[in-house]
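To start, the structure itself, in structure tokens.
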Amino acid sequence: MTDLLSGLNPQQRDAVTVDGSPALVLAGPGSGKTRVLTHRVAWLIQAQEVVPHRIMAVTFTNKAAREMRHRIEELLGGRLRGLEIGTFHAICARILRREADFIPLGPDYVIYDTPDQLSLVKQALADLNMDDKRFPPTRMHNMISRAKNELIEPELYRSESYFAEAAGRVYERYMELLVANNAADFDDLLMRTALLLAENAAVRERYQRRYDHVLVDEFQDTNMAQYSLLRDLGSGHRNVFCVGDPDQSIYGWRGADYRNVQRFEENFTGAETILLEQNYRSTQVILDVAMAVIDKAPGRKKKKLFTDREGGPNVTLYESYDERDEAQFVVETIAGLVATAEANPGDCAVMYRTNAQSRALEDAFLRAGLPYKLVGAIRFYQRREIKDLIAYLRVVYNPNDSVSLNRIINVPTRGIGQKTLGNLKIWAEKRSGTLWEALDALARGEDSPFTGRALNALRGFAQMVRGWREVARELSVPEVLDLVIDETGFHDALDDGTEEGAERWENVVELRNVAAEYEGLNLETFLEEVALVSDVDNLPDDADAPTLLTLHSAKGLEFPLVFIVGLEEGLLPHQRSFDEPDGIDEERRLLYVGMTRAQDRLFLLYAFRRTVWGDNAISLPSRFLDDIPEELLSGNVPLRSERTTPAWADYKRAITWESDAAPPQKAAQTTTYRPGQRVSHAKFGEGVVIESRVTAGEEEVSVAFEESGLKRLIASMAPMQILD
DNA sequence: GGCTCATATTTTTTT
DNA sequence: AATATGAGCC
């Protein structure tokens with residue numbers, strides 16, 4: 001039996017052994033909060049003799065849940081049975097299936113992902129005869145989602161504006177459609193569970209008795225619904241243990257509210273607050289840089305993080321020419337450090353603000369012939385062919401899921417076009433039944449307005465689905481998949497001889513492999529797993545290759561070497577954050593989260609110009625860079641005091657000036673280069689000037705290089721020798 | 001009914 | 001740049 005408390009510092013030990021009162025652990029990055037959580041669960045089981053199934057532990061990702069279970073099992077030296085551990089969404093999904101009697105859904109409800117949700121919002125708009133140009137489905141969906149996260153039901157949704165009033169009507173119809181489809185969206189999982197516990201005393205008390213202890217990780221990123229759930233679960237025994245860090249709150253856009261930390265202190269009076277300030281991850285230099293950035297956040301409770309990893313190499317700040325150059329620097333640096341055995345490829349992570357930025361990086365890795373691991377981007381389960389097959393499985397499981405039914409009724413094409421489908425919907429409405437009920441009636445030979453080809457196509461499809469439903473219970477998930485693929489001619493329709501077709505078929509094979517791993521599990525469990533997996537969940541940790549991921553998905557992870565790219569105005573902070581109330585601050589915290597992932601080395605990069613939407617634009621270094629003391633930086637960017645031709649400093653003034661005063665005039669009015677001149681560039685070699693003009697105060701030269709083709713360069717950035 | 005080509009529109013971040 | 005939608009043609 002291991003001593004659970006040895007090897008913990010005094011604060012960690014206090015946290016692990018909190019007894020008989022609620023606890024709030026404010027844990028800085030790298031302060032061992034995962035350790036505290038796992039040791040506490042183990043301590044409860046071992047020292048307090050709490051039965052595992054009376055403990056609920058909530059994590060932020062499924063991967064974190066798996067790892068935590070694994071670590072606790074290691075600590076206790078045995079398998080844990082019954083410990084309830086998972087994300088809020090996963091735990092709620094299970095509760096709702098069990099308590100389906102109390103909600104307007106059957107226990108066989110399906111979970112809709114974002115695209116499903118969006119198509120249902122469009123349907124709601126259509127039903128209400130509302131124009132989707134004036135009421136964009138994404139915005140409507142956003143407002144609905146926000147309401148749900150705040151536990152506001154349609155009938156309570158009050159409008160302050162015309163637009164919000166419209167959203168309220170869409171919300172109401174959207175909910176009706178979800179119920180009709182026997183479906184729940186992500187937000188429903190939380191809202192329905194939270195409301196059930198809040199409104200039904202019997203159910204609430206049952207769950208209060210069921211769990212003696214509730215532990216929550218990443219507490220700063222909980223929303224109202226999640227908090228309400230937590231309060232109701234914990235109000236009896238008050239054994240609620242929350243771990244979080246307001247400085248790492250980065251999910252405000254999804255309804256997370258770090259003020260839940262204050263609410264917790266109010267609702268759970270007498271809660272013990274424990275600060276974990278010692279960082280065991282990063283060097284002092286990295287920590288100082290990160291703290292310099294976060295300290296500028298307004299209205300923040302200052303925490304003093306410290307580490308015994310004194311000093312460390314300076315943080316590298318690199319200004320690249322464009323996103324290609326940026327990616328190349330990353331790849332070359334990694335390759336260099338690997339060559340000198342200073343790092344393993346798997347020690348490195350490259351982080352960015354938007355998924356779109358991964359492209360340039362992937363290109364550079366591919367060109368260098370180096371493998372990499374990519375989190376997110378085109379998510380596997382979002383690929384068309386995968387979604388199609390999942391939709392088939394969902395229809396087999398729950399044929400009243402009309403979103404899935406609509407998706408596959410003519411995929412692969414089987415002669416059921418817009419017109420026939422429209423008629424089918426009209427007929428279904430006339431019979432006041434669902435789409436599937438109409439199809440089912442057709443298959444049974446009921447009289448219908450359909451004749452000829454349309455009738456045959458519809459009946460054939462319906463009979464095929466009926467056939468699957470009859471045998472599905474006897475078959476494993478991969479067997480059902482095989483049946484669907486076989487009878488629909490999915491392979492031939494997909495693998496059309498093109499490279500893309502072959503790739504899509506590969507994905508189908510991969511899905512079948514995934515399904516095969518669920519051998520023994522039923523369709524219900526498979527569909528639920530698939531609906532709730534996140535990208536980080538699928539991160540393979542065996543491959544020794546650099547990881548490419550967004551700053552958001554980097555939360556909770558750590559790497560010896562971290563590159564953060566695209567530190568530019570408009571990207572980080574992102575353009576879309578500018579008009580959000582807490583927007584810029586959240587961007588700042590996002591950068592802080594990224595920086596504090598690094599253990600040994602941190603590289604910060606920005607590009608002088610970047611292609612955005614196929615347009616090449618000059619970019620400005622991120623304002624956050626200004627907050628970093630220069631003595632902690634090295635790289636290719638001159639000190640602020642020594643900059644002689646800092647092109648961007650003037651742009652910055654031009655863009656950030658507040659008054660109506662004209663932006664400062666720049667020196668460059670005439671061009672140094674003329675069309676037809678032969679020039680030589682250090683990197684691109686020799687070429688001929690095609691054009692040269694002054695844009696935004698900078699001379700922009702287009703040169704046709706013999707080796708490297710046509711380039712557009714900024715004269716002051718990339719000086720060239722004139723050869724004639 | 002289905003396919004091809006042209007136009008529009010897009011990208012924050014995720015369960 | 002890449003994808004989604006829509007018009008027009010077979």
Side-chain angles (χ1 to χ4, degrees), chain A residues 58-65 86-93 111-119 122 132-133 136-138 142 145 148-149 184-191 218 221-223 225-226 249-256 323 351-360 363 375-379 381-382 384 410-423 452-454 457 496 528-537 549-555 566 570-580 583 586-587 589-591 593-594 610-616:
Chain A
V58 187
T59 58
F60 201 72
T61 63
N62 295 302
K63 182 173 185 245
T87 62
F88 269 114
H89 288 87
I91 291 174
C92 288
I111 300 169
Y112 277 1
D113 69 6
T114 308
D116 300 332
Q117 293 165 31
L118 227 45
S119 87
K122 285 179 193 154
D132 60 2
K133 291 280 183 300
T138 43
N142 229 310
S145 174
K148 287 186 177 184
N149 285 327
D185 66 16
F186 291 138
D187 304 317
D188 282 342
L189 299 178
L190 305 177
M191 177 171 79
E218 306 287 4
D221 284 323
T222 53
N223 61 33
Q226 291 164 331
S249 148
I250 54 173
Y251 282 94
W253 51 274
R254 167 176 131 174
E323 70 273 9
M351 303 175 186
Y352 35 82
R353 180 66 231 277
T354 66
N355 279 306
Q357 289 169 259
S358 73
R359 176 167 232 96
D363 278 352
V375 182
I378 334 106
R379 303 197 178 93
Y381 290 105
Q382 310 261 90
R384 196 179 64 212
N410 201 30
V411 176
T413 52
R414 52 174 71 90
I416 306 176
Q418 288 297 312
K419 205 156 180 178
T420 308
L421 187 56
N423 288 335
R453 264 202 305 199
D496 54 3
E528 184 165 309
E529 288 272 333
V530 160
L532 296 177
V533 280
S534 72
D535 298 320
V536 228
D537 294 338
L549 75 180
T550 63
L551 287 161
H552 279 89
S553 39
K555 186 165 86 154
L571 205 47
L572 184 63
H574 196 275
Q575 193 86 38
R576 297 289 281 263
S577 72
F578 290 170
D579 32 44
E580 297 286 321
E586 186 154 305
E587 300 287 305
R589 294 192 292 269
L590 191 53
L591 176 58
V593 167
R610 182 176 296 273
T611 314
V612 187
W613 292 334
D615 231 21
N616 209 289

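No hydrogens, no waters, no symmetry mates; every other heavy atom, side chains included, goes into these values. All values reported here derive from a predicted model rather than from experimental measurement. Order of the sequence lines sets the chain letters (A, B, ...), proteins ahead of strands, with each chain counted from 1.
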Using the C1' atom on both, measure B:dT11 against C:dG6 and round to a whole Å.
-> 22 Å
Atom CD of A:E218 and atom P of B:dT15 are separated, to the nearest Å, by 13 Å
Please confirm whether any donor atom in the side chain of A:T114 sits under 3.5 Å from an acceptor in the base of B:dT15, or the reverse.
-> yes
Rounded to the nearest angstrom, tell me the gap between atom CG in A:L189 and atom P in B:dT14.
-> 18 Å
Provide, to the nearest angstrom, the distance between the CZ atom belonging to A:R254 and the C1' atom belonging to B:dT13.
-> 9 Å
Using a 4.0 Å cut-off on protein heavy atoms (strictly under), produce a 5'-to-3' string for nucleotides 1-11 of chain B with B for base contact, S for backbone-only sugar-phosphate contact, and - for none.
-> SS--------B
Name all residues meeting the side-chain hydrogen bond (donor to acceptor under 3.5 Å, both in side chains) criterion together with A:D185; count only those two or more places apart in sequence or in a different chain, and write none if there are none.
-> A:K148, A:Y174
Could you tell me which residues satisfy ring pair (Phe, Tyr, Trp, His ring centres under 6.0 Å) with A:F88, sequence neighbours excluded, listed by chain and number?
-> none
Residues in salt bridge (Lys or Arg N to Asp or Glu O under 4.0 Å) with A:D116, at least two apart?
-> A:K387, A:R394
Return the set of residues passing side-chain hydrogen bond (donor to acceptor under 3.5 Å, both in side chains) with A:Y112 (not counting sequence neighbours), or none when no residue passes.
-> A:D401
Return the orientation label for the A:W253 and A:H552 ring planes: parallel under 30°, perpendicular over 60°, tilted otherwise.
-> perpendicular
Any residue meeting side-chain hydrogen bond (donor to acceptor under 3.5 Å, both in side chains) with A:S577, in chain and number order, not counting sequence neighbours | none
Mind calculating the distance between CG (A:L551) and P (B:dT14) to the nearest angstrom?
-> 10 Å
Could you give the CG-to-P distance, from A:N62 to B:dT14, as a whole number of Å?
-> 15 Å
Starting at CG of A:D221 and ending at P of B:dT13, how long is that distance when rounded to a whole Å?
-> 16 Å
Identify, with sequence neighbours excluded, every residue that meets salt bridge (Lys or Arg N to Asp or Glu O under 4.0 Å) alongside A:E587.
-> A:R353
Opening and closing nucleotides of DNA chain C in contact with chain A, under 4.0 Å to non-hydrogen atoms = C:dA2 to C:dT5
How long is the line joining CG of A:L571 and C1' of B:dT13, in whole Å?
-> 12 Å
Sorted by chain and number, sequence neighbours left out, side-chain hydrogen bond (donor to acceptor under 3.5 Å, both in side chains) with A:R254 holds for none
Could you state the CD-C1' distance from A:Q117 to B:dT14, rounded to the nearest angstrom?
-> 11 Å
